[in-house]
Amino acid sequence: QVHLVESGGGLVQAGGSLRLSCAASGLTLSNYGMAWFRQLGGKEREFVAAVSGSSQLTAYPDSVKGRFTISKDNAKNTVYLQMNNLIANESGVYYCAAARYGWGTRDPEAYVYWGQGAQVTVSS
């Protein structure tokens with residue numbers, strides 16, 4: 001059985017940093033493209049970052065490029081999201097997900113496994 005468990009969420013002031021972790025069990029992350037998504041307020045889930053199975057390729061939307069960094073430690077079977085210079089309107093639930101095929105797609109429907117989410121609250 002596959003489990004993705006996020007941790008590291010919490011409260012941070014605008015301009016601050018957080019690092020989210022996503023520990024995987026039941027699947028080998030080196031075989032999967034992984035991604036982080038977020039759901040802010042009542043909005044749809046949006047793509048935040050992706051990393052290839054080999055960890056050599058990453059992708060970000062313009063909204064977080066230069067501030068967020070995704071990484072993967074295949075030995076620990078864990079994916080990370082380092083978030084710097086957080087903005088107040090980035091409060092929401094952050095999810096990690098494993099792609100059904102390939103990597104880098106921004107469509108949530110392309111992801112087969114999801115974590116339960118980690119709450120991030122950015123105070124202004």
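- One distance of note links CG of Leu29 with CE of Met34; it measures 5.0 Å at 0.5 Å rounding.
- In this structure, Asn77 contributes its side chain and Ser25 its backbone to no donor-acceptor pair below 3.5 Å.
- Here the straight-line distance linking atom CG of Leu86 with atom CZ of Arg67 works out to 6.5 Å at 0.5 Å rounding.
- A distance-only check finds no donor-acceptor pair linking the side chain of Ser54 to the backbone of Ser52 [under 3.5 Å].
- Pairs of residues two or more places apart, or lying in two chains, never qualify as disulfide bond (SG atoms under 2.5 Å apart) while including a residue from residues 29-65.
- Ser30 and Thr28 share no side-chain donor-acceptor pair at under 3.5 Å.
- Each disulfide bond (SG atoms under 2.5 Å apart) pair with one or both residues in residues 26-88, not counting sequence neighbours, would appear here, but there are none.
- Separation of atoms CD (Glu46) and CZ (Arg38) is listed at 4.5 Å; rounding is to 0.5 Å.
- In this structure, OG1 in Thr58 is found 9.0 Å from NZ in Lys65, a value given to the nearest 0.5 Å.
- Aromatic pair Tyr111/Phe37: ring centres closer than 6.0 Å.
- Asn84 and Ser17 share a side-chain donor-acceptor pair at under 3.5 Å.
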- Message: Determine whether Phe47 and Tyr60 satisfy the following criterion, ring-ring contact (aromatic ring centres under 6.0 Å, His included), listing intermediate values before the conclusion.
- Response: CA-CA 8 Å; Phe47 170 78; Tyr60 306 91; 8.0 Å; no
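- In the hydrophobic clustering of this structure, Leu27 does not group with Tyr80; members are Ile, Leu, Val, Met, Phe, Trp, Tyr whose side-chain heavy atoms approach within less than 4.5 Å, directly or through other members.
- Under the 4.5 Å side-chain heavy-atom criterion for Ile, Leu, Val, Met, Phe, Trp and Tyr, Leu4 and Val93 are members of distinct hydrophobic clusters.
- Partner of Val2 under the side chain to side chain contact (heavy atoms under 4.5 Å, CB included) criterion, out of Tyr32, Tyr113, Trp114: Tyr113 alone.
- Taking Asn85 as the reference, nothing meets the side-chain hydrogen bond (donor to acceptor under 3.5 Å, both in side chains) condition, with sequence neighbours excluded.
- With rounding to the nearest 0.5 angstrom, the CZ atom of Arg45 is 4.5 Å from the OH atom of Tyr95.
- Atoms CG and CH2, on Leu57 and Trp103 in that order, are 5.0 Å from each other to the nearest 0.5 Å.
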